[in-house]
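Reviewing the structure listed below.
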Amino acid sequence: MKSFSLLITSLFLLGGCSQLAVKPAQITEEKRSDAEITVLDDWQTQATGAVRYDDIWSRIIASYQLDLSIDNPRIESQLNWYKRHQSYLDRVADRGVRYLHFIAEQIEARNVPGELALLPVVESAFDPFAYSHGRASGVWQFIPSTGRDFGLQQDWWHDGRRDIRAATEAALMYLNALQREFNGDWLLALAAYNSGAGTVRKAQRYNRSRGLATDFWALDLPRETRAYVPKLIALAKLIKNPEQYGVTLQPLPDEPYFAVVDTGGQIDLSQVAELAETPLDEIYRLNPGFNRWATRPEGPHEVLIPVEQQHTFEQQLAALPPGSRLKWQRYAVRRGDSLITIARQFQTTPDALKQANGLHGNTIRAGEQLLIPGAFKNPEAYSHSVSQRLDRLKTLRRPGNSQKVEYQVRNGDSFWQIARSHDVSVSELARWNGMAPGDPLRAGQTLVIWSKKATPGQREVIRKIRYRVRQGDSLARISQKFNVRVSDLKRWNADQVKAKYLQPGQTLTLYVDVMR
């Protein structure tokens, strides 16, 4: 990701984790010294002094700046939870060892509170593939719009919100901007990072109008935000004095975990793993921004490699023949083909096809030979690609007396329509498919639904139909005719079914299983 400076002019309202409250903008020269946020140009190890620490926890603690002496029931409640969940702390350490040294360096270089290094624990438990109901992604949990405004690239090949270096830069820029907006109050900045600056400002205005305090602890904020800051403070206290709270911290070395290597162009991630003599799963965990089986054709052309494997990887990469970076096959263009249809067939993008074949436009002709980049291994080998993660999620057995139904999305469908026709909630439907309720659906997409309406071995095909009410019709008669429930009819037609009786000529919407 390209480094840049963020010039702050104002903050405005957006809700959810890592919601945008700042936008890059040009400001006048006299304001520049107050608003500009320093961004590092060199992502390799920063020179932060000769101090060496016993472990990364000690290094983070040395950068603490928040007041951890605060005594509040909300903090105590979170401390009690952490104390009861040693396995959670172990899991966080297992994941965080890859990223914590880098994050700690970036925090030191920017002179922001060391406690921020622990914020990914609160946000994602250091799971780089975490995806929330609010469409937030990555260890710092950026939503798409905020990510784009902070330069986090998001396309079919790559999602910068999951890129450890790029997302860390964006998160620290964002948090630094927020604390400036809230006059150096980091607790309010953290609350705004979670729920949006506008939400915090609104709560402050409400208290101010009534002569009440406007600090974080006095504000009436959303429930999640009220717990968010106490979680971080409790975690910081626990990391500082684990013995006091009866927990054990895994010793994580204070040394770089990964090195950054320029690959010089697109390369299959399985090739990266082989050249680095590192499991492919580990390559994905270090490079979670890559969505597919290879790096992005147009870049970034850098990969993170375990630091002890850097020399091996660079040597073997230099000896790799240019044609061995990707698997190539030839394809003869057929009548009716387009770059879009060919790209879909071979799990790539039109832009990648154009780049591989030196095409400057979208025109292709029948009989023309195209070079198609492909994966060296079977799809299952790329276990952390988007498609494999979703496939794995969809095969998880759900508890309860439910039957798995595969539903193919049609034009005009929405989460709400599909969910109500199967008597499930929108949030459940989205979660079962690794999506958020606000994600767009596309025609032809297959959704997994765990429906209690279905019977074992029965296939469900739901159709949306319009029914014109006839003389003598009633809700009971129509429900029997189409084998649906009266309550469903009422819910589907809440605007139409208000009077006691139906009127001939009324049009009702029904969602009918045509296989029954």
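Since the structure is predicted, the reported quantities are computational estimates derived from the model, not experimental observations. Residues take their numbers from the sequence shown, with the count starting at 1.
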request  = Show your reasoning for whether side chain to side chain contact (heavy atoms under 4.5 Å, CB included) applies to T263 and R325.
outcome  = CA-CA 10 Å; T263 64; R325 289 170 165 268; 4.2 Å; yes
Would you tabulate the side-chain donor-acceptor contacts of residues 235-245 under 3.5 Å, counting partners in other chains and residues two or more places apart, or write 'none'?
unit_1 : atom_1 : unit_2 : atom_2 : d
K237   : NZ     : L68    : O      : 2.8

request  = Could you walk me through whether D90 and S87 pass the side-chain hydrogen bond (donor to acceptor under 3.5 Å, both in side chains) test, one step at a time?
outcome  = CA-CA 5 Å; D90 293 341; S87 61; over 6 Å; no
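- Taking the six-membered ring where the residue is Trp, W293 and W157 present perpendicular rings, their angle passing 60° and hence far from 30°.
- Note that NE2 of H101 and CG of L252 are 11.5 Å apart. Values are rounded to the nearest 0.5 Å.
- Counting only residues at least two apart or on different chains, the salt bridge (Lys or Arg N to Asp or Glu O under 4.0 Å) pairs with a member in residues 256-285 are R98-E282, E274-K377.
- Rounding to the nearest 0.5 Å places CD of E105 at 11.5 Å from OG1 of T168.
- Ring pair F102/F258 is tilted by interplanar angle, where 30° to 60° counts as tilted.
- Residue pairs meeting the ring-ring contact (aromatic ring centres under 6.0 Å, His included) criterion with at least one member in residues 304-328: none, sequence neighbours excluded.
- Remark: K327 NZ is loosely packed, at most 12 non-hydrogen atoms of other residues, nucleotides or ligands lying under 6.0 Å away.
- Between Y228 and Q78, the side chains place no donor N or O within less than 3.5 Å of an acceptor N or O (distance only, hydrogens not considered).
- Between the CG atom in L116 and the CG atom in L190 there is a gap of 6.0 Å [rounded to 0.5 Å].
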